[in-house]
A.B. asks: 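If you scroll down you'll find the structure; I have some questions about it.
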Amino acid sequence: MVSSLRRNGVAAAALATVTSLVLAACGGDDDDTGEPADGETGQASTEFEFFSWWTGAGDSEGKQALLDLFAEQHPGVEIIDAAVAGGAGTNAQAVLTTRLQAGDPPDSYQRHVGAELQPDIEAGLVEDLTWLYEEEGWMDVFPEDMLDLITVDDRIYSVPVNIHRSNLLWYNPAVLAEVGITAPPTSWDEFLQQATTLEAAGKTPLTIGPSWTQKHLLENVLLGELGAEAYSGLWDGSTDWESSEVTAALDMFTQVLSHTNVGEAAADWQPALDPVIEGDAAYNVMGDWANTYFTTAQGLTYQTEYNVTTSPGTEGVFNFLSDSFTLPEGAPHRDLAVEWLRLAGSQEGQDTFNPVKGSIPARTDADASLYTGYLEMPLTDWNDPEIELVGSLAHGVVAGGAFNTDIDSALGEFVASGDSAQFASAVKEAYENTQ
Ligand code: GAL
């Protein structure tokens, strides 16, 4: 059994940004209970709709395992899997916003913990689940820092189902061997040197996909170049976006991008991994959902047919994100939604979902024997007090709402122009306008 996840230290610093976003004026709605009734009719429901962006290979298997377990526990219930395709939820989040604004919520939906969830809480779109935490004894099994990310005014608003790691460099060992590279790069400078060798041999050094994967790469180049403390400072105003260090890190991002296939960027994260698998490219920076794509979808063997290490310059740092499930206000089948959340937060639910999803449980009492192969690494690192924790930008931990939207627009222009000064000033202004 895993004894405990960390409860203080760097994690608290990294997460301070998010906690500071909490508005004193909202939440506190404590009219919620676990009443086992349909939200509309008071009768037991026979239908349940779960909304997520887990559709393609590598993303859908974990969700399916959890939905199957839920179906087994609720025979006769029709399960509607309302997933909208597109990694990191870029398309799904737009569809969800439209539905929530139209008063047409699903029974439960996926959201990242942290800044991404805050606007929903502030707008009163999700129910207070504190009573469920008390009923299930969850206050003692989720790490305090994790609970802070989903708490407003002492009320808790979602159920975290996992921990994913963002700062990973996936690679094809055969490609490295073919061009005489003995080990993956430990800094972005070293990556640039290797890129020359790889390009001379006709290989793409690093593959990339749509905008959100470019943002995912950006956060990890910033982290690798600036270090954990200065990276975290980007999200709480303590690191100046217009400093020479940040400008240099942004210029490094532009250089790294020039050794990718950004001109013909893949449609999503899975096709971005394919050239690595096929031996046409060496590296890809992606979260650990990639492990499920390599193993379950492609049948590859860890460490021989594909391998992974921390992204350049981030050894000793865990850049994390977490998927959580909510109970929307007005959920049509609230009784089943509550049962779904009970399952998602349970040890059985988390140990069913995570080994298949390529993540580790958000709970502290996982059965460690289930987390084998690649998954041993994040489980060990997450529990190692020497490892520094920071929150992901591309997956909702450190920036949400209008700030995040402004970063997306500025990044689109930055990738096209390479103008780091313009990007830094746009993000700085967006930060100041949204605090
Ligand atoms: C992340 C999400 C992961 C995985 C990934 C790719 O945002 O947290 O669970 O689904 O996107 O779609």
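Just so we're clear, the structure is a prediction, and the values are computed from it rather than from any experiment. Atom set for the values below is all heavy atoms of this structure, side chains included, hydrogens, waters and symmetry mates excluded. Counting starts at 1 for both ligands and their atoms, following the listed order.
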A.B. asks: Give yes if a backbone or side-chain nitrogen or oxygen of His395 is under 3.5 Å from a nitrogen or oxygen of ligand 1, and no if not.
C.D. replies: yes
A.B. asks: Mind checking side-chain contact (heavy atoms from CB on, under 4.5 Å) for Ser409 and listing every partner two or more places apart, or none if nothing turns up?
C.D. replies: none
A.B. asks: Relative to the heavy atoms of Leu321, which atoms of ligand 1 are at a distance of less than 4.0 Å?
C.D. replies: 8 (O)
A.B. asks: Of all the atoms in ligand 1, which lie at a distance below 4.0 Å from a heavy atom belonging to His164?
C.D. replies: 3 (C), 9 (O)
A.B. asks: Among Trp54, Trp289, Trp212, which one puts a heavy atom closest to atom 10 (O) of ligand 1?
C.D. replies: Trp54
A.B. asks: Using a 4.0 Å cut-off to any heavy atom of Gly87, which atoms of ligand 1 qualify?
C.D. replies: 12 (O)
A.B. asks: For Asn167 and Ser311, test the side chains for any donor-to-acceptor distance below 3.5 angstrom and give the result as yes or no.
C.D. replies: no
A.B. asks: For ligand 1, which atoms have a heavy atom of Lys357 less than 4.0 angstrom away?
C.D. replies: 3 (C), 4 (C), 9 (O), 10 (O)
A.B. asks: Return the option from Asn162, Asp59, Asp323 holding the heavy atom at the smallest distance from atom 12 (O) of ligand 1.
C.D. replies: Asp59
A.B. asks: When the ring planes of Phe423 and Phe414 are compared, do they come out parallel, tilted or perpendicular, using 30° and 60° as the limits?
C.D. replies: parallel
A.B. asks: Just which atoms of ligand 1 are under 4.0 Å from any heavy atom in Trp269?
C.D. replies: 6 (C), 12 (O)
A.B. asks: Nearest 0.5 angstrom please: Glu72 CD to Thr352 OG1, how far?
C.D. replies: 9.0 Å
A.B. asks: Step through it carefully: locate the ring centre of Phe325, locate the ring centre of Phe50, and say whether they are under 6.0 Å apart.
C.D. replies: yes
A.B. asks: Would you say CG of Asp154 has more than 12 non-hydrogen atoms from neighbouring residues, nucleotides or ligands within 6.0 angstrom?
C.D. replies: no
